[in-house]
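Comments concern the structure below.
These figures come from a predicted structure and were not determined experimentally. Letters A, B, ... are given to chains in the order of the sequence lines, protein chains preceding strands, and every chain is numbered from 1. Just so it is clear, the values below take in all heavy atoms, side chains as well, and ignore hydrogens, waters and symmetry mates.
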There are 2 protein chains.
Amino acid sequence: MKAQLSKLSKRDQLIQTAVKLFAKNGIHATGVDSIVEQSGVTKKTLYAHFRTKEELVLAVLRHYDGLARNEFMRKVERRATTPRARLLAIFDFAQHWFQQHNFYGCLFVNTIGEYSGKDTPIRQICKEYKKLVKDYIHSLCQQAGVKNPQGLAEELALLLEGATVTAQVSQNPKSAQIAKRAAKALIDKALPPR
Amino acid sequence: MKAQLSKLSKRDQLIQTAVKLFAKNGIHATGVDSIVEQSGVTKKTLYAHFRTKEELVLAVLRHYDGLARNEFMRKVERRATTPRARLLAIFDFAQHWFQQHNFYGCLFVNTIGEYSGKDTPIRQICKEYKKLVKDYIHSLCQQAGVKNPQGLAEELALLLEGATVTAQVSQNPKSAQIAKRAAKALIDKALPPR
DNA sequence: TATTTTGTATACAGATCTGTATATAACTTC
DNA sequence: GAAGTTATATACAGATCTGTATACAAAATA
C-alpha cells in the first residue's frame, strides 16, 4: 500500500504520509510503525530525520501550516478580485474544502484537542496558525476600507472557525453557506454597500 | 491521589474520573490504568461495568451530554428573562465557561477530532449533542418571535462554536465578547429592537 | 447464619508503542 | 575506484496498552 512519492525526499515522504494519518486518525492513535509502513521508509531513517515522534509532529504541523495558509490565500484571491468580495469568497473556499473526501476538520484544532492539558511547542504552532489566518482576514478588511478592521476580522474568523467545526461534526458542508450569510450581514454593517 | 467520590457509585466514580482525564489529556492518551488509579476503583470492577474502554467512552459522553446541556440551559435562563436577552446571555455563559481553570474546549469536538476517520457510535453522540444545543437556541429564537428562527439559530450556533474553539486554541476568553458583538448585530437584523 | 453479590489486590497474557542495535546494500563524491 | 553517506531489512529492548485470571474480603440478602 505504498503511495507514489518517489520524487520526494525521504523526509517529505514521511511528513506527507504522517499528515494524512494524523488528520484521519489523530496523532496518538497513529503509531510510527504505520507511518513507516505506509511511507515506504524505514524506521531507522525516520529516527535519523526526527529525534522523536513529537519532532515529527512539529514538522508535520509546520509543513501543513505553510501549505494550508498558502492555499487558503491563493484560492480566495482567485475566486474574487475586490477585498470585499474576497471576504465573502473565504466561505466559498470553505464550502469547497468541507466537501473534500479527506476533510477531517482543522488539523490544528484536532491537535490541540489531543494536547489540551499540556503546554508543548505543538500548542504554539496551532495558536500561531490561527493568528496568521486572522491577520490575513484583517488585511482584507483593511483593504476594503472597513472602519474597525480588527473587529470585523475577529468576527469573520470566528464564523470560519465555527463553520469548520460544524461541518466536521455534523458532516454537512452547508455550514459554509450559513457562515457566509452571517458574514454578509456583518460586512454590510461594517461597510455599507454604496 | 484519590478524589473525594465516596458518596458515588463505583460506576459514577469511574465516569467522573474519566471525564476529567479525557477532557484534559484526550481519550487515546488516557489509559484505563490511570482511570483506575485516580478513581480508586479496581480494573476488575471497571470491566464489570463496561465491557470495553469504548463502552466507557460512550458512557462518559452520554453522562457529559446530559450534564453540559442542562447546565447550559439553566445558566442561560438564570442570566436573563426575555428570549432575546437569553440569546445574548448564551455568550455571557460562554465567557464564564472559557474562564474555568479546567476549560479544555468542547469535549465532543475534541472527541470527534480523535475519531475523524472512523464511524463509531461515538460520532453519533457528538453529532446529537450539537443538534440538541442548536434546537435549544432555535426554541429561544422562536420565543423571541424571529421570522426565520432556524436561520438565526444556525448562525448563533456557529458563533458559539467558533468562540469555543478560538478560546481553546488561543487560550483567550475574549472570543466570547467578539461572538456576542456579532450575535447582537445578527439578532438586531433578524428582530429589530422596537 | 449461609449464600450471593460486589468489591479489592495483584498478577499476567498478548498486543502495540517508542526508540535502538546490527548487519548489509546502494548511491555520492572525491 | 575508494570512502563515506544514506538507505534497507530486521530484530530487539523496555514501556505501556487493553483485557483477563486468581484469590480473597466485605457486604448485602435469603
Side-chain angles (χ1 to χ4, degrees), chain A residues 1-61 110-111 114-115 117-118 120-122, chain B residues 1-61 110-111 114-115 117-118 120-122:
Chain A
M1 168 144 182
K2 284 189 195 179
Q4 268 342 51
L5 304 168
S6 324
K7 300 291 176 79
L8 281 58
S9 72
K10 298 293 164 187
R11 192 172 185 279
D12 286 344
Q13 287 181 44
L14 286 164
I15 288 179
Q16 296 209 3
T17 305
V19 165
K20 285 179 195 160
L21 292 174
F22 288 163
K24 182 166 187 177
N25 305 316
I27 293 175
H28 286 102
T30 302
V32 293
D33 284 342
S34 68
I35 297 170
V36 161
E37 189 190 348
Q38 296 203 29
S39 66
V41 170
T42 318
K43 198 189 269 198
K44 181 90 182 175
T45 305
L46 188 159
Y47 281 101
H49 285 96
F50 309 99
R51 276 169 42 215
T52 63
K53 182 186 177 184
E54 175 157 337
E55 271 205 5
L56 171 61
V57 172
L58 287 170
V60 162
L61 292 177
N110 293 348
T111 300
E114 292 202 54
Y115 293 86
K118 289 166 195 155
T120 69
I122 291 175
Chain B
M1 165 135 189
K2 282 188 195 178
Q4 265 346 48
L5 305 168
S6 322
K7 300 291 177 82
L8 282 59
S9 72
K10 298 295 165 187
R11 192 172 185 278
D12 286 344
Q13 287 181 43
L14 286 164
I15 288 179
Q16 295 209 6
T17 305
V19 164
K20 284 179 196 161
L21 292 174
F22 288 164
K24 182 166 185 177
N25 305 316
I27 293 176
H28 285 102
T30 303
V32 292
D33 284 343
S34 69
I35 297 170
V36 161
E37 188 191 349
Q38 297 204 27
S39 65
V41 170
T42 319
K43 199 190 267 195
K44 181 93 183 176
T45 304
L46 188 158
Y47 280 101
H49 284 96
F50 309 99
R51 276 166 46 214
T52 63
K53 182 186 177 182
E54 175 157 339
E55 271 205 5
L56 172 60
V57 172
L58 286 170
V60 163
L61 293 178
N110 293 348
T111 300
E114 291 202 56
Y115 292 87
K118 288 166 193 153
T120 68
I122 291 174

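Applying the side chain to side chain contact (heavy atoms under 4.5 Å, CB included) criterion to B:Lys24, with sequence neighbours excluded, gives B:Tyr104. Partners of B:Val36 by side chain to side chain contact (heavy atoms under 4.5 Å, CB included), not counting sequence neighbours, listed by chain and number: B:Lys43, B:Leu46. For B:Tyr115, the ring-ring contact (aromatic ring centres under 6.0 Å, His included) partners at least two apart in sequence or on another chain are B:His28. For B:Val19, the side chain to side chain contact (heavy atoms under 4.5 Å, CB included) test picks out B:Ile15, B:Val60, B:His63, B:Tyr64, with sequence neighbours left out.
The separation between B:Gln13 atom CD and C:dT8 atom C1' is 13 Å, rounded to whole Å. Between A:Lys10 atom NZ and C:dC27 atom C1' there is a gap of 12 Å when expressed in whole angstrom units.
Pairs passing the ring pair (Phe, Tyr, Trp, His ring centres under 6.0 Å) check and including a residue from residues 37-56 of chain B, sequence neighbours excluded, do not occur.
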*For nucleotides 10-24 of chain C, just jot down a letter per nucleotide in 5' to 3' order: B, S or -, based on protein non-hydrogen atoms under 4.0 Å.*
B-------BBBBB--
